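Everything on this sheet refers to the single structure shown next.
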Number of protein chains: 4
Amino acid sequence: MPKVSDTHLADRRDQILSAAAACFAAQGFHATSMADVVGASGLSAGSVYRYFASKDDLIGAIVDRYLEGLVGHFARAHMTSSSPADTVIDAIRLLTQGLIDTPFQPFAQLMPQFWSEARRNETIRQRGETAFRALLGQFADIVRRAQGEGTLQTDLEPSGVAQVMLALVQGFFLQSILLGQDAALEVYADTVRRLLSPSSR
Amino acid sequence: MPKVSDTHLADRRDQILSAAAACFAAQGFHATSMADVVGASGLSAGSVYRYFASKDDLIGAIVDRYLEGLVGHFARAHMTSSSPADTVIDAIRLLTQGLIDTPFQPFAQLMPQFWSEARRNETIRQRGETAFRALLGQFADIVRRAQGEGTLQTDLEPSGVAQVMLALVQGFFLQSILLGQDAALEVYADTVRRLLSPSSR
Amino acid sequence: MPKVSDTHLADRRDQILSAAAACFAAQGFHATSMADVVGASGLSAGSVYRYFASKDDLIGAIVDRYLEGLVGHFARAHMTSSSPADTVIDAIRLLTQGLIDTPFQPFAQLMPQFWSEARRNETIRQRGETAFRALLGQFADIVRRAQGEGTLQTDLEPSGVAQVMLALVQGFFLQSILLGQDAALEVYADTVRRLLSPSSR
Amino acid sequence: MPKVSDTHLADRRDQILSAAAACFAAQGFHATSMADVVGASGLSAGSVYRYFASKDDLIGAIVDRYLEGLVGHFARAHMTSSSPADTVIDAIRLLTQGLIDTPFQPFAQLMPQFWSEARRNETIRQRGETAFRALLGQFADIVRRAQGEGTLQTDLEPSGVAQVMLALVQGFFLQSILLGQDAALEVYADTVRRLLSPSSR
DNA sequence: CATGAATGAGAGTTCATTCAT
DNA sequence: GATGAATGAACTCTCATTCAT
């Protein structure tokens, strides 16, 4: 199919990317063979390699999507949340739902894959660093706003609280891999809210 | 009645396990070939397979060591720490030092490997669940003790705080993979201490 | 009755052939992909396959051009040269210059490619046989003329001398691939002249 | 089979090398797949790669054998031949017989492969240069000896005659690929003898 | 007529595992 | 008991060729 519209090309790319994301989320980057991706995409090997130069290129594109999705999620949470605690809890809820049935469905499951890869692949590490620094910046802004509104102690370093907030999201997800996410969220959310919101004390 | 002593057998096993841990920490489970492990161990392929039935078996043994080391670390931290905040910070410091020159040197680097594997390997997930539930139990005890001593609010659910404590350790490590661990620890530790220690408010 | 003129078709063919010759000379038949040829020709894959049924067909056409060029070169050398020795030396000089900046530029570099291919491809071998028999015939004529003029011993078999002459051209080119052609030519030419021209003895 | 004798290892290497030489001679380097070599060797893919790191490595080893065989052949011819003409003719005869049933059987057929490869592979070109310079040196010695014995004109440059001698061997082989070697040799040999031996004039 | 996206068999290579010695 | 040569299925990736547009 020559001289095809740009939309068509972008759709094909998305088709491959979605298939790959599903495979990678289910099996991990390294346990997924290109044949798996090819099969899941419904295209041929040659076509997949027309859109992505190598498996690493495909992994890079998936990671980019993952990071964009992550930063986008948190940016939206940022808009609608008033407090650091709610930001953390909303983020978890968004990502948890993403674990089930949103368009971001497979991406939350990619988290451990991403961290493994970041240790070995400098390009991915750098992209991750950029994304996560942006995230920490957003969180720090939320902290400063809360401090300005008097809902958070002013002796806390915003960057430190931002790191803590991020850790609270990350940690919950890691734990949910081992323990299952449903049961714990209520207690966890309540604890986070009490610790990060002095008004409740 | 084997010709060689049990000690000899155990030593061989340790020799392989140490070599494998170093390889896995440096390159990840999947990027490490059995030939890498065989080479690093100084033994032959046949010997390695005499002690471990398969690569997965070897990974399982490494994960067991990793989890034992982790639980042991925190258990020790438990003994010497009086407060939840100090437990978190001590744990980070122990593991951070482990990143450099303790006998646990490679194990901290195995963290993302472990979480990736736990998503795909049910046996490993279960062992992890057991270990982390034990860890959470220890942390909950620390929380209860602190509440009894009046250094922590009593309206906090101990299991929730335990999860938060664990998340604060895990999150710091994930972030340090991307951002480098040195700079942030002081601010992070200070923030954790202020949030988890009402006396400072 | 085609919509485009025959000239246009022939031009397209030449365009592809020139691009292919350059690629084949630079990289060899097998290391050159059809994508390379397509790219160098400035046309599309479909167009190239409109003019040449297959890669082998294209190789065949290139070989034909190569052989035509070769025979044509020697035919011209035949006209202007009076002696067997000068024929050999002029041929080398023409082809050597062809290595640099004549329209035959890439063809001399195709020589080893041709001989490799002739061993495996019977069609090409046959075309080569025809061309080289023609060449040997031209050379034999030159020998007979020289013998008639008394500038060459009459006890030499013309066909044998023709083969020797051809070998002297071919051999020089093979050696120049390994050794570089510049330095040796003067000594080589002088030696050829002395051996093939009894007058100089 | 572990702890196998060095002889056994060398035999395996030879086994692969012989199979590869046969394949390469029959089909050329690039038209021969590693699967072809594997099949012809009677071993497995893994075994072939235990002895040769890559296809290029294998080609390099074959070329080395080819060049050694070539230089060795000519060195022997050198010993037993008294005149430059006989050296050329003996060399052709040795290599021609090699085309049929000596241990060097496939190597003579590798000639065009070698020259093609030398144009694209600098390592191979260099090895070839070394070997052929050695050959030219041997030939020049023969020339000087003949000049000393008064069987060759002293006004010929030994290095130039050496190049001519080599060309006469190479050219005959190239021509024999197209024309078949049997018929021509007698006439060719006679012509070479007459041209290179002034005594016959 | 021209295009170039799509194909899929097959390329070179790796590697977990076995077993004769 | 230990060895390491041997295995072969599976891997990532290429490329000559086709055909819907």
Side-chain angles (χ1 to χ4, degrees), chain A residues 1-5 8-9 12-13 30-38 41-58, chain B residues 2-4 8-9 12 30-39 42-59, chain C residues 2-4 8-9 12 30-39 42-59, chain D residues 1-5 8-9 12-13 30-38 41-58:
Chain A
M1 293 156 210
K3 274 277 174 88
V4 131
S5 67
H8 179 254
L9 293 180
R12 278 277 193 265
R13 232 187 105 93
H30 294 288
T32 299
S33 73
M34 286 305 278
D36 292 338
V37 174
V38 165
S41 72
L43 297 174
S44 65
S47 292
V48 170
Y49 276 90
R50 163 166 277 273
Y51 291 95
F52 298 95
S54 65
K55 188 179 182 180
D56 269 3
D57 194 32
L58 187 52
Chain B
K3 288 186 178 176
V4 294
H8 179 250
L9 291 178
R12 278 272 197 269
H30 293 287
T32 299
S33 71
M34 287 303 279
D36 291 338
V37 174
V38 166
L43 298 176
S44 66
S47 292
V48 170
Y49 275 87
R50 167 160 286 280
Y51 292 96
F52 299 94
S54 67
K55 188 178 182 180
D56 270 1
D57 193 32
L58 187 52
I59 290 175
Chain C
K3 288 186 179 177
V4 294
H8 180 248
L9 292 179
R12 279 271 198 270
H30 293 287
T32 298
S33 71
M34 287 302 280
D36 291 338
V37 175
V38 166
L43 299 176
S44 65
S47 293
V48 170
Y49 274 88
R50 167 160 287 277
Y51 292 96
F52 298 95
S54 67
K55 188 180 182 179
D56 269 2
D57 193 33
L58 187 53
I59 289 175
Chain D
M1 294 158 208
K3 273 276 175 90
V4 132
S5 67
H8 180 253
L9 294 180
R12 279 278 193 262
R13 232 186 104 94
H30 294 289
T32 299
S33 72
M34 287 304 280
D36 292 338
V37 175
V38 165
S41 72
L43 297 175
S44 65
S47 293
V48 170
Y49 276 90
R50 163 166 277 274
Y51 291 94
F52 299 96
S54 65
K55 188 179 182 179
D56 268 3
D57 194 31
L58 187 52

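Quantities reported herein were computed from a predicted structural model and do not represent experimental measurements. Below, read A as the first sequence line, B as the second, and so on, with proteins coming before strands; counting in each chain starts at 1.
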To the nearest angstrom, the CG-C1' distance between L9(A) and dT21(F) comes to 13 Å
F52(C) CZ to dT18(F) C1', in whole Å, measures 18 Å
In whole angstroms, the gap separating C1' of dA16(F) from CG of D36(C) amounts to 12 Å
To the nearest angstrom, the NZ-P distance between K55(D) and dT14(F) comes to 15 Å
Here the distance between atom P of dG12(E) and atom OH of Y51(D), to the nearest Å, is 21 Å
Side chain to side chain donor-acceptor pair (under 3.5 Å) filter on S41(A), not counting sequence neighbours, yields none
By nearest-nucleotide position on DNA chain F, the 5'-leaning member of G42(D) and V38(C) is G42(D)
Determine all donor-acceptor pairs shorter than 3.5 Å in which one atom belongs to a side chain in residues 46-54 of chain A; sequence neighbours excluded.
residue, atom, partner, partner atom, Å
S47(A), OG, S44(A), OG, 3.1
S54(A), OG, D56(A), N, 3.4
S54(A), OG, D57(A), N, 3.1

Scanning both residues in full, the closest heavy-atom pair of K55(D) with T32(D) reads NZ-O, 2.6 Å
Quick one: which protein N/O atoms are closer than 3.5 Å to N/O atoms of nucleotides 8-10 of chain E? Pair and distance per line, please.
residue, atom, partner, partner atom, Å
dG8(E), O6, G46(A), N, 3.2

Note: for A53(D) and D56(B) on DNA chain E, the residue whose nearest nucleotide lies more 5' is A53(D)
Atom NE2 of H30(B) and atom C1' of dC11(F) are separated, to the nearest Å, by 14 Å
So the stems of DNA chain E, runs of at least three Watson-Crick or G-U pairs (under 3.5 Å), are E:2-21 with F:2-21
Of dA6(F), dT17(E), dA6(E), the nucleotide closest to the side chain of R12(A) is dA6(E)
Taking 4.0 Å as the cut-off, does a side-chain nitrogen or oxygen of Y49(D) come that near to OP1 or OP2 on dT14(E)? no
By side-chain contact (heavy atoms from CB on, under 4.5 Å), A35(B) pairs with (sequence neighbours left out) S33(B)
Quick check on dT3(F): is either OP1 or OP2 less than 4.0 Å from any side-chain nitrogen or oxygen of R50(B)? no
M34(C) atom CE is separated from dT17(F) atom P, nearest whole Å, by 7 Å
Looking only at heavy atoms, the pair that brings H30(B) and H30(A) closest together is CB-CB, 3.4 Å
